[in-house]
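First comes the structure, then the notes that go with it.
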2 protein chains.
Amino acid sequence: MTPELPHSSPQPLRADARDNRDRLLEAARAVFSQEGLTVPTREIARRAGVGPATLYRHFPTKEELVTAAFADQLRACQDIVDRASADPDPWRGLCQVIENICELHARDRGFTEAFLSAYPRAITVVTGRDRILATIADLARRAKLTGHLRPDFEPDDLVLMLLANKGIQLPSPTAQLAASRRFAALLIQAITHCPHNTPLPPAVHLATNRPRPTG
Amino acid sequence: MTPELPHSSPQPLRADARDNRDRLLEAARAVFSQEGLTVPTREIARRAGVGPATLYRHFPTKEELVTAAFADQLRACQDIVDRASADPDPWRGLCQVIENICELHARDRGFTEAFLSAYPRAITVVTGRDRILATIADLARRAKLTGHLRPDFEPDDLVLMLLANKGIQLPSPTAQLAASRRFAALLIQAITHCPHNTPLPPAVHLATNRPRPTG
DNA sequence: GGTTAAACGGACGGGGGCGTCCGTTAGCGT
DNA sequence: ACGCTAACGGACGCCCCCGTCCGTTTAACC
């Protein structure tokens, strides 16, 4: 729509513009982390010390702001998964993934929301997510071979865990962190292979991108 | 504020008023179950075939409508817990509670939201919830004695599970039900006593009524 | 220092949700 | 049948949020 595309950097921004853009991203990361994605864009503009129009000039829509703000987090998540995937013990790697991702959510509330397709059209997030999930699926496949991961575990269970972890929302950051840690430990226990563990009901195929929740 | 208190029934309502009130409650239950508590009050009034003013005359605030609509569900939940608590095998009873409550949420999205203090000031919900949680705590205590429930389980873990279960939201009702069932099975696995299960990180005390989430 | 255009931000429009007002309707008692 | 009043509902005010417009500021270049 707008003839100018400042986020693609086809030409260098003016000094103040670049400065404002950086402050906006910084404020967005901070606020989204603490409050989640529901926080109004005005609040971010206010904390960045700019007017609303400036925010929308740099990020034409809230979705693009979210995507840009969580690009780093997405890379961090990818790193977590890649590093865990490189672990010689795939079961230990999978456990680390669960613990780290639960903790990531506890510290950064907005990220999980973004990751779980609050904005399905954010291609960066979606493609990144699919790569991450594919990596984890392979990790799980190898973890089963070690005999530590129960055989009826399915990759979609991990999405289930993410969704569930998203539901854990507490007012105090420390409580949030403690709760997510304990929850992660419970999840690991749940998927541990045990001679006398009862069979699970059928898994659900979760196409995370598909849904059009409301309207 | 209003001199008339139609919900306390100090005097009989007129026939049409009583009829409208019933249809409002029915519509509220149906819509809240399917869509959750975020659905606008207008929608409920529309489905009940009345104007917005009529809704607000019977239920001065959305919170009171929610409370009234879920009074039955709360009793149903209480029944589930009471029946499970009367089971001679407390471990089986606890498992049934988890399965039934997860399924309850799957079928009725609004209830879990209401139960988990989306409206902290709804006294009916809060007191009912506290009674339910107390019953479950006692059930868990007895289940530990059987040796099937892991000793480091704490009653607050159940609130954690409820919060987590709330996070599982899928567009399709059948998928929602399947997901909640599988999740419940995983949770039961997680709290099953097993000789070589790893110790859990410290529990969190969750004062469910306390938080003032946003604003 | 002056010119130019990029960048800014206050003010605006649009949409949606909650709760209320007041003129109108219709149930109930006689 | 008739009047009284409870009950109704369309229209309204208020608030919040997203995204835009236009007059003003200011960085960049000569």
Side-chain angles (χ1 to χ4, degrees), chain A residues 1-24 27-28 31-32 35-69 118-119 121-122 213-215, chain B residues 1-24 27-28 31-32 35-69 118-119 121-122 213-215:
Chain A
M1 294 300 177
T2 49
E4 35 175 6
L5 301 172
H7 48 293
S8 303
S9 68
Q11 51 182 343
L13 290 155
R14 225 170 66 179
D16 55 348
R18 171 127 198 91
D19 202 48
N20 280 336
R21 189 176 188 280
D22 290 348
R23 285 214 311 282
L24 278 168
V31 174
F32 283 147
E35 314 277 345
L37 264 38
T38 61
V39 73
T41 53
R42 300 309 228 253
E43 174 68 14
I44 290 162
R46 198 185 57 78
R47 292 212 195 185
V50 304
T54 299
L55 187 152
Y56 282 103
R57 194 172 310 111
H58 286 290
F59 308 99
T61 182
K62 188 175 182 177
E63 177 170 329
E64 295 197 35
L65 174 61
V66 170
T67 308
Y119 292 95
R121 289 166 48 180
T214 55
Chain B
M1 293 299 178
T2 50
E4 35 173 6
L5 300 172
H7 48 292
S8 306
S9 68
Q11 52 181 350
L13 290 158
R14 226 170 64 180
D16 55 346
R18 173 125 197 93
D19 202 49
N20 279 335
R21 189 176 188 281
D22 289 347
R23 285 215 310 283
L24 278 168
V31 174
F32 284 148
E35 315 278 345
L37 264 38
T38 60
V39 74
T41 54
R42 300 308 228 254
E43 174 68 12
I44 290 162
R46 197 183 58 76
R47 293 212 195 186
V50 302
T54 300
L55 188 153
Y56 282 104
R57 194 172 309 111
H58 287 290
F59 309 98
T61 182
K62 187 174 183 178
E63 177 171 330
E64 296 197 34
L65 174 62
V66 170
T67 308
Y119 292 96
R121 288 166 48 181
T214 54

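In this text the structure is predicted, and so the values were computed from the model without any measurement. Proteins come first, then strands; the chains are lettered A, B, ... in the order of their sequence lines, and each starts at number 1. Hydrogens, waters and symmetry mates play no part in the numbers below; they use all other heavy atoms, side chains included.
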Could you list the residues that satisfy side-chain contact (heavy atoms from CB on, under 4.5 Å) with B:Arg14, not counting sequence neighbours?
B:Asp16, B:Ala17
Decide side-chain contact (heavy atoms from CB on, under 4.5 Å) for A:Phe59 and A:Thr67; before the verdict, give the C-alpha distance in whole Å, the side-chain angles of both, and the deciding distance to 0.1 Å.
CA-CA 10 Å; A:Phe59 308 99; A:Thr67 308; over 6 Å; no
Is there side-chain contact between A:Phe32 and A:Leu65, with heavy atoms separated by less than 4.5 Å?
yes
In whole angstrom, what separates A:Arg18's CZ from C:dA6's C1'?
16 Å
Separation of D:dA7 P from B:Arg23 CZ (nearest whole Å):
15 Å
B:His58 side chain near D:dA7 phosphate (N/O to OP1/OP2, under 4.0 Å)
no
Closest approach of A:Thr54 and A:Leu24, non-hydrogen atoms and distance?
O-CD1, 4.2 Å
For a quick check, with a 4.0 angstrom heavy-atom cut-off, what is the B/S/- contact string for nucleotides 11-24 of chain D, read 5' to 3'?
BB----SBBBB---
Which residues pass the salt bridge (Lys or Arg N to Asp or Glu O under 4.0 Å) test with A:Asp22, not counting sequence neighbours?
none
Are B:Thr54 and D:dG9 close enough that a side-chain N or O sits under 4.0 Å from OP1 or OP2?
yes
Which residues pass the side-chain contact (heavy atoms from CB on, under 4.5 Å) test with A:Arg42, not counting sequence neighbours?
A:Pro52
Protein-proximity profile, nucleotides 25-30 of chain C, B/S/- by nucleotide at the 4.0 Å heavy-atom cutoff, equals --SS--
Ignoring backbone atoms, test whether A:Asn20 places a side-chain nitrogen or oxygen under 4.0 Å from the OP1 or OP2 oxygen of C:dC8.
yes
How close or far is atom P of C:dG17 from atom CG of B:Leu55, stated in whole angstroms?
14 Å
Ignoring hydrogens, what is the shortest heavy-atom contact between A:Ala69 and A:Ala28? Give both atom names and the distance.
CB-CB, 4.0 Å
Suppose we screen for salt bridge (Lys or Arg N to Asp or Glu O under 4.0 Å). Which residues come up paired with A:Arg47, at least two apart in sequence or across chains?
A:Glu43
In whole Å, I'd like the distance from the CG atom of A:Leu24 to the C1' atom of C:dG9.
12 Å
